[in-house]
Amino acid sequence: MESIVVEARDRPYVEARVRAGILEQGSVDVLREIGVGQRMDREGIVHAGTQLRFDGTNHRIDFEALTGRKVMVYGQQEVVKDLIAQRVADDLPIHFGVSDVQLHDLTSTSPRVTYTDENGARQEIVADYIAGCDGYHGVSRGHIPAGHLTEFERIYPFAWFGILANAKPSSDELIYAHSPRGFALHSLRSDSVVRNYLQVAPGTDPNAMSDDEIWDEYDRRFALQDEPFTINRGEITERVVTPMRSWVVTPMRYERLMLAGDAAHTVPPTGAKGMNLAVADVVVLAEGLTKALQSNDESGLDQYSDIAVRRVWRAEHFSWWMTSMLHRFPPEHPEGDEFGLQMQLSQLRYYTSSEAAMRTLAENYVGLPFGAAL
Ligand code: DHB
């Protein structure tokens, strides 16, 4: 199956942009199967569980015991690097730095993509199908006629302030913390680089706090009741504030254009589903395209959206639920009252004590197997 990739950014940009960091077991399996898992298996860090911290106490969710599955800590941009390296090694076309991308003739059997290449020359690709894998801000979706798509959206009254720092991880596993001062997450990228997040108000300036103020805030949010806990500090090398949103557009196909990943759906980051959903979309899409191109049978593509969207909604629910349970809502929000807080704490106690409840959290976190009823 021939394919051509066109990318608006340049290669250093996409290889350096820090994004999510957790791969579900199913995503790990896919990367191995397609032959790009070697560096991930060398440098990725397998986690068999995670920590939930609330009321100053720590609770472990044992993914492996509850589900038989684990997750892999491996940055999204590392996956991107590995995919690009493989493509380049295979001598397959990938064009960076393109602009003014337009899609044409989507209702015909030979849709086209036109773009300006990095040397300023106008180019045209005549294709059988187009995969719109260009994210929320991509151009693909805009080529679908108005009225064909239905959108669903939920905006949250908080954002994540993420830092990357040269510090030793303070825990063997990620810590998701619910605290009176708001949510905090301790994550990592290696044994010397941590990735941490603080719940902040939307629109917060990432440079508003000094390094010490940031670390002090982590210490307050991760504080334990019965023992001292301080987070390991180090040089902060990146700061970014990300708004939080749930958003879905359906169907994910219009004639010869298939949308995949963030071009069709975004999740709030809590629970790390974004990259995994994109992988899951592409697994279904690849099967559909293979059938269409090798057996002249479009049934897989006809089912693409229905199959992919079921997993999308499962992940939308899980991410919305984790977000709603772990963040402090502002007082003016309907969930920001004392009742809302008690609902969160009761859920947190239940999901860290009942085995059935813990398994529910765990199987969603590690990702339901491909082919599971969703
Ligand atoms: C990371 C991001 C997440 O959204 C999450 O739930 C866990 C980890 C991360 O960037 O490491």
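Since the model is a prediction, treat every value here as computed from it, not as a measurement. Counting starts at 1 for both ligands and their atoms, following the listed order.
- Between the side chains of D82 and Y74, at least one donor N or O sits under 3.5 Å from an acceptor N or O.
- When atom types are taken as modelled, the side chain of S190 and the backbone of S192 share a donor-acceptor pair closer than 3.5 angstrom.
- Within the structure, salt bridge (Lys or Arg N to Asp or Glu O under 4.0 Å) contacts touching residues 299-308 (residues at least two apart or in different chains) are R253-D302.
- Pairs of residues two or more places apart, or lying in two chains, that qualify as salt bridge (Lys or Arg N to Asp or Glu O under 4.0 Å) and include a residue from residues 156-176 are R60-E173.
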List of N/O pairs, ligand 1 versus protein, all under 3.5 Å?
| unit_1 | atom_1 | unit_2 | atom_2 | d |
| --- | --- | --- | --- | --- |
| ligand 1 | 4 (O) | P269 | O | 2.6 |
| ligand 1 | 6 (O) | Y176 | OH | 2.6 |
| ligand 1 | 6 (O) | P269 | O | 3.4 |
| ligand 1 | 6 (O) | G271 | N | 3.0 |
| ligand 1 | 6 (O) | A272 | N | 3.2 |
| ligand 1 | 10 (O) | R189 | NH2 | 2.8 |
| ligand 1 | 10 (O) | Y197 | OH | 2.6 |
| ligand 1 | 11 (O) | S187 | OG | 2.6 |
| ligand 1 | 11 (O) | R189 | NH1 | 2.7 |
| ligand 1 | 11 (O) | R189 | NH2 | 3.4 |

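- Of the residues R314, R359, E24, the one that meets the side-chain hydrogen bond (donor to acceptor under 3.5 Å, both in side chains) test with N364 is R314.
- Sequence neighbours left out, not one pair with a member in residues 13-34 passes ring pair (Phe, Tyr, Trp, His ring centres under 6.0 Å).
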